[in-house]
Amino acid sequence: MVNTEFVDELASAAPVPGGGGGAAYAGALAAALGAMVGNITAGKPKFADVADDMRASVAALDAARVQLFELIDADAQAFSQLAATWKLPRATEDEKAVRHAAEQAALVDACDVPLRIMQVCADVIAADDFLANNASKLVLSDVGASAILAKAALQAAALNVHINTNLMDDAARTASLNEQCEKLLGAPCDAAQAIYDTVAAAIK
């Protein structure tokens, strides 16, 4: 049942997939767990009054899972494009300038993809917050697992933003990207931790 192809590739000496892809994969697992919770709850007569909202949450989580799988490939492509600039010739000053300009352009995409991963993971956490307060208590632990996985995925993706902004020359762009990153590390991560703590306290 378990397809280990991606994980095996992640463990290999190949530079891609890497941390960004791993973050997106973890986020996809979080989205899948949340969707399972919604699907189980929506099918129970006891929760008929929130069934429509549950189905809406499932639809959002299913969409998030698809996005995150797509972002695994997008992250690999962005890194490959960045790595390609490091192989450009640099024997002359002109070649160095061309190489550096190409690197700076590639760094933008290399930051954009993990930021998108972070945003989708934040959306997963928002869905989990609804589930934690409305889903069947029989699957409460799964909501907590989804939230903490999404938080870890979000934090992992942030590291991929920072390692690339550190290489940027454009101070204004760097500040903007880092600000977006820090914002996504704030409230969504706090919400995920709160969900986890509430679930943990409820089931112990």
Side-chain angles (χ1 to χ4, degrees), residues 1-7 10 17 19-75 113-161 180-204:
M1 182 177 179
V2 177
N3 185 338
T4 65
E5 182 179 355
F6 173 78
V7 176
L10 191 64
Y25 192 85
L29 293 177
L33 268 174
M36 181 196 76
V37 169
N39 278 319
I40 289 174
T41 302
K44 294 183 178 296
K46 179 181 177 181
F47 297 93
D49 57 333
V50 293
D52 288 343
D53 289 333
M54 281 291 160
R55 293 188 185 97
S57 292
V58 170
L61 288 162
D62 285 345
R65 187 172 77 254
V66 170
Q67 284 182 276
L68 287 162
F69 278 134
E70 291 172 347
L71 286 166
I72 292 174
D73 291 332
D75 184 75
V113 175
L115 274 172
R116 286 159 59 196
I117 293 170
M118 293 177 72
Q119 182 58 66
V120 179
C121 288
D123 295 339
V124 171
I125 293 166
D128 284 337
D129 188 54
F130 169 77
L131 295 174
N133 290 288
N134 294 279
S136 169
K137 302 306 178 186
L138 295 176
V139 285
L140 193 58
S141 62
D142 297 297
V143 180
S146 174
I148 210 67
L149 271 174
K151 178 187 176 185
L154 196 157
Q155 291 173 318
L159 297 176
N160 286 268
V161 176
Q180 292 176 60
C181 190
E182 292 307 309
K183 184 176 181 180
L184 286 166
L185 283 170
C189 285
D190 290 344
Q193 190 62 51
I195 293 167
Y196 177 84
D197 290 344
T198 299
V199 168
I203 66 177
K204 286 181 180 177

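- Nearest approach of Ala26 to Leu149, heavy atoms of both residues: O-CB, 4.4 Å.
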side-chain contact (heavy atoms from CB on, under 4.5 Å) between Phe69 and Ile72, intermediate numbers included: CA-CA 5 Å; Phe69 278 134; Ile72 292 174; 3.7 Å; yes
Would you check, one step at a time, whether the test side-chain contact (heavy atoms from CB on, under 4.5 Å) holds for Met118 with Leu185? CA-CA 8 Å; Met118 293 177 72; Leu185 283 170; 4.0 Å; yes
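- Heavy-atom minimum distance, Asp75 versus Gly21: OD2-N, 3.3 Å.
- The shortest side-chain heavy-atom distance between Asn39 and Met54 does not fall under the 4.5 Å cut-off.
- Residues Ile125 and Leu154 have side chains in contact (heavy-atom distance under 4.5 Å, counting atoms from C-beta outward).
- Residues Arg65 and Leu61 have side chains not in contact (no heavy-atom distance under 4.5 Å, counting atoms from C-beta outward).
- Side-chain contact between Leu131 and Asp128: present, with at least one pair of heavy atoms (C-beta onward) separated by less than 4.5 Å.
- For Asn160, the side-chain contact (heavy atoms from CB on, under 4.5 Å) partners are Pro114, not counting sequence neighbours.
- Taking OH of Tyr196 as the reference point, atom OG of Ser141 lies at 11.0 Å (rounded to 0.5 Å).
- Distance alone, capped at 3.5 Å, is enough to place a donor-acceptor pair between the Thr198 side chain and the Ala194 backbone.
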Could you go through the side-chain contact (heavy atoms from CB on, under 4.5 Å) check for Asn134 and Thr41 one step at a time? CA-CA 9 Å; Asn134 294 279; Thr41 302; over 6 Å; no
